[in-house]
Undergrad: 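Let me give you the structure first, and then I'll get to my questions.
Letters A, B, ... mirror the listed sequences (proteins, then strands); counts begin at 1. Values below: all heavy atoms of this structure, side chains included; hydrogens, waters and symmetry mates excluded. The structure displayed is predicted, hence computed values, not measured ones.
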Protein chains: 2
Amino acid sequence: MADLTDRQAAAWTSYQRMRVRLSGVLGRELAHATGLSEADFDVLVAVHERPDDTVRALSLRCGLEWEKSRLSHQLRRMEQRGLITRETCEEDSRGSVVRLTERGRELACEAKRHYDDAVRRYVMDSLTPEQVAALAEIADTLLDRIQVTHK
Amino acid sequence: MADLTDRQAAAWTSYQRMRVRLSGVLGRELAHATGLSEADFDVLVAVHERPDDTVRALSLRCGLEWEKSRLSHQLRRMEQRGLITRETCEEDSRGSVVRLTERGRELACEAKRHYDDAVRRYVMDSLTPEQVAALAEIADTLLDRIQVTHK
DNA sequence: CAAGGTTAGTTGATACGTCAACCTTGGCTG
DNA sequence: CAGCCAAGGTTGACGTATCAACTAACCTTG
């Protein structure tokens, strides 16, 4: 249980600052361009990736790695704003099925364009291909190290 | 305004998942070990780094890159829990000065030990020194690209 | 020194995230 | 099939983050 080295501590500090600034600017651009939060965006994109723009809530939850209450609250808000609908599931009447509305589908596409563009401008354009590859490898290594700890 | 390449998109996805899982597990460990949130922790550590465990709120705000209302709300809660005190500033009576209580100081030290240990276990132990250096360089590059956009 | 703009900080409203408690349904197992 | 437990989801309470509106003090400039 040795202390972090100076290099490690400095790397961690840089990472933390980068992480906060980056998600801040991306979130703000997204909100400004489309009125969506990052949570809205994550849900819309995840549902839009499924056939029929439809997905079992449980499956959505696992894909996003969200707590069940978080998803429930988020879906309630999105339903109120007319982005999705919820139906009870056929195979398992405990479950529910999420479907994009027309407006949800449109927003998902539009938001994804804006978002990807912002990722390109703020991240990809500043990094060399080697750095992008290194980042991916680092992230995958850590992902492998940190298993999901769902409730 | 070209699309992201497959490599870029995959790198971004990995980064996002890593980021969320990592801050999730670190936050949970911190809360479990000390009862502090990450926001509490950031404030305590930032104040504890200053001489006398004392800092002007403005300076704290700039260091953390927080919105002023965020800091205000956070300090109110921390004051109620006896982690800090607030006094009005001598030189500028608009301002305020934040000071750690004895309990705040103790918690800051204890939490930092736990936190650094978790960073070591979850991050540093899994990465090569080259990867740590690469991460720092990537983060610094992006930090330079994304200027602070305070309100 | 008076007027007007700027700055530090607070407040209230609203959205988001987590936890614990709860309800209903599904699946076991005796 | 009766009794139970686990699983999917909802709800309420509370802490946290952001925005806009506000107050009070500071600072310039005429």
Side-chain angles (χ1 to χ4, degrees), chain A residues 19-21 23-32 34-44 55-81 83-98 149-151, chain B residues 19-21 23-32 34-44 55-81 83-98 149-151:
Chain A
R19 171 180 81 81
V20 170
R21 264 199 224 172
S23 75
V25 70
L26 290 177
R28 242 170 284 126
E29 287 211 4
L30 186 65
H32 185 264
T34 66
L36 296 172
S37 68
E38 296 202 78
D40 296 330
F41 177 69
D42 290 343
V43 169
L44 288 182
V55 62
R56 178 79 192 271
L58 175 59
S59 169
L60 184 54
R61 221 174 81 201
C62 295
L64 293 170
E65 295 180 19
W66 279 15
E67 305 248 336
K68 55 189 182 176
S69 64
R70 179 179 180 185
L71 184 61
S72 181
H73 286 306
Q74 182 68 32
L75 292 178
R76 175 177 40 74
R77 290 187 297 258
M78 293 179 73
E79 190 171 29
Q80 283 170 355
R81 282 180 294 152
L83 301 179
I84 58 147
T85 60
R86 280 189 288 186
E87 313 149 25
T88 46
C89 178
E90 305 264 311
E91 303 92 54
D92 184 341
S93 45
R94 291 172 300 181
S96 74
V97 170
V98 181
T149 54
H150 272 198
K151 282 268 156 86
Chain B
R19 172 180 80 80
V20 171
R21 266 199 222 172
S23 76
V25 71
L26 291 177
R28 242 172 284 126
E29 287 212 3
L30 186 65
H32 184 264
T34 66
L36 296 173
S37 67
E38 296 203 78
D40 296 330
F41 177 69
D42 290 344
V43 169
L44 288 182
V55 62
R56 177 78 192 272
L58 175 59
S59 169
L60 184 56
R61 219 174 83 200
C62 294
L64 292 170
E65 295 181 19
W66 279 15
E67 306 248 336
K68 55 188 181 177
S69 65
R70 180 180 179 185
L71 184 61
S72 181
H73 287 305
Q74 183 68 32
L75 292 178
R76 176 177 39 73
R77 291 187 297 259
M78 293 179 74
E79 191 172 28
Q80 283 170 355
R81 283 182 294 153
L83 301 179
I84 58 148
T85 60
R86 280 188 288 185
E87 313 149 23
T88 46
C89 179
E90 306 263 312
E91 302 92 55
D92 185 341
S93 44
R94 288 171 302 181
S96 73
V97 170
V98 180
T149 54
H150 273 197
K151 281 272 155 83

Undergrad: Should we count CD of A:E90 as having more than 12 external heavy atoms under 6.0 Å?
TA: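 Count not over threshold, so no.
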Undergrad: Which nucleotide, D:dC26, D:dC19, C:dC19, lies nearest any side-chain atom of B:S93?
TA: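 Out of D:dC26, D:dC19, C:dC19, the nucleotide with an atom closest to B:S93's side chain is D:dC26.
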Undergrad: Would you say D:dG15 has OP1 or OP2 under 4.0 Å from some side-chain N or O of B:S37?
TA: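 The answer is no; no side-chain N or O of B:S37 sits under 4.0 Å from OP1 or OP2.
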Undergrad: Using salt bridge (charged side-chain N to carboxylate O under 4.0 Å, His left out) as the criterion, list what pairs up with B:R19, not counting sequence neighbours.
TA: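 Per chain and number, B:R19 pairs via salt bridge (charged side-chain N to carboxylate O under 4.0 Å, His left out) with no residue.
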Undergrad: For side chain to side chain contact (heavy atoms under 4.5 Å, CB included), just list the numbers for A:F41 and A:T34, CA-CA rounded to whole Å, side-chain angles, deciding distance to a tenth of an Å, and then say yes or no.
TA: CA-CA 10 Å; A:F41 177 69; A:T34 66; over 6 Å; no
Undergrad: Given atom CD of A:Q80 and atom P of C:dT14, what is their separation to the nearest angstrom?
TA: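 Roughly 13 Å, once rounded to whole Å.
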Undergrad: Can you list everything that forms a side-chain hydrogen bond (donor to acceptor under 3.5 Å, both in side chains) with B:R77? Sequence neighbours excluded, please.
TA: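 Partners of B:R77 by the side-chain hydrogen bond (donor to acceptor under 3.5 Å, both in side chains) criterion, ordered by chain and then number, come out as B:Q74.
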Undergrad: Identify the two heavy atoms, one from A:R86 and one from A:R76, that lie closest to each other, and give their separation to 0.1 Å.
TA: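 That closest heavy-atom pairing would be NH2-CA, 3.4 Å.
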Undergrad: Tell me: CG of B:L64 to P of D:dA17, nearest whole Å?
TA: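 About 11 Å, once rounded to whole Å.
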Undergrad: Mind checking what makes salt bridge (charged side-chain N to carboxylate O under 4.0 Å, His left out) contact with B:R94, not counting sequence neighbours?
TA: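 Result, salt bridge (charged side-chain N to carboxylate O under 4.0 Å, His left out) vs B:R94: B:D92.
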Undergrad: CD of A:Q74 versus P of C:dT18: gap in Å, rounded?
TA: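 Between P of C:dT18 and CD of A:Q74: 11 Å.
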Undergrad: Apply salt bridge (charged side-chain N to carboxylate O under 4.0 Å, His left out) to A:E87 and list each qualifying residue two or more places apart in sequence or on a separate chain.
TA: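 With neighbours one apart ignored, the set is A:R99.
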Undergrad: CG of A:D42 versus C1' of C:dC16: gap in Å, rounded?
TA: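 Roughly 13 Å, once rounded to whole Å.
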Undergrad: In whole Å, I'd like the distance from the CZ atom of B:R28 to the P atom of C:dA20.
TA: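 Rounded to the whole Å, the gap is 12 Å.
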Undergrad: Looking at five pairs on each end of the helix from C:dC1-D:dG30 to C:dG30-D:dC1, what is the angle between the two axes, given to 10 degrees?
TA: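 Roughly 10° between the end axes, to the nearest 10°.
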Undergrad: Take nucleotides 3-12 of chain D nucleotide by nucleotide from the 5' end and write B, S or -, depending on whether a protein heavy atom sits under 4.0 Å from the base, only from the sugar-phosphate, or from neither.
TA: ----BBBBBB
Undergrad: How many Å lie between CD on B:E90 and P on D:dA25, as a whole number?
TA: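 For the pair B:E90 CD and D:dA25 P, the rounded distance is 15 Å.
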Undergrad: Measure the distance from CD on A:E67 to P on D:dC14 and round it to the nearest whole Å.
TA: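 My rounded result for the distance is 19 Å.
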Undergrad: Measure CD/B:E29 against P/C:dT18 and give the value in whole Å, please.
TA: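 Going from B:E29 (CD) to C:dT18 (P), I get 16 Å.
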Undergrad: Nearest nucleotide by nearest heavy atom, which residue falls closer to the 5' end of DNA chain C, A:R77 or A:E91?
TA: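 It is A:R77 whose nearest nucleotide is closer to the 5' end.
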Undergrad: Nearest heavy-atom pair of A:R81 and A:G35: which atoms, and what distance?
TA: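 That would be NH1-O, 4.5 Å.
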Undergrad: How close do B:A57 and B:L71 get, counting heavy atoms only, and between which atoms?
TA: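 Nearest heavy atoms, B:A57 then B:L71: O-CD2, 3.5 Å.
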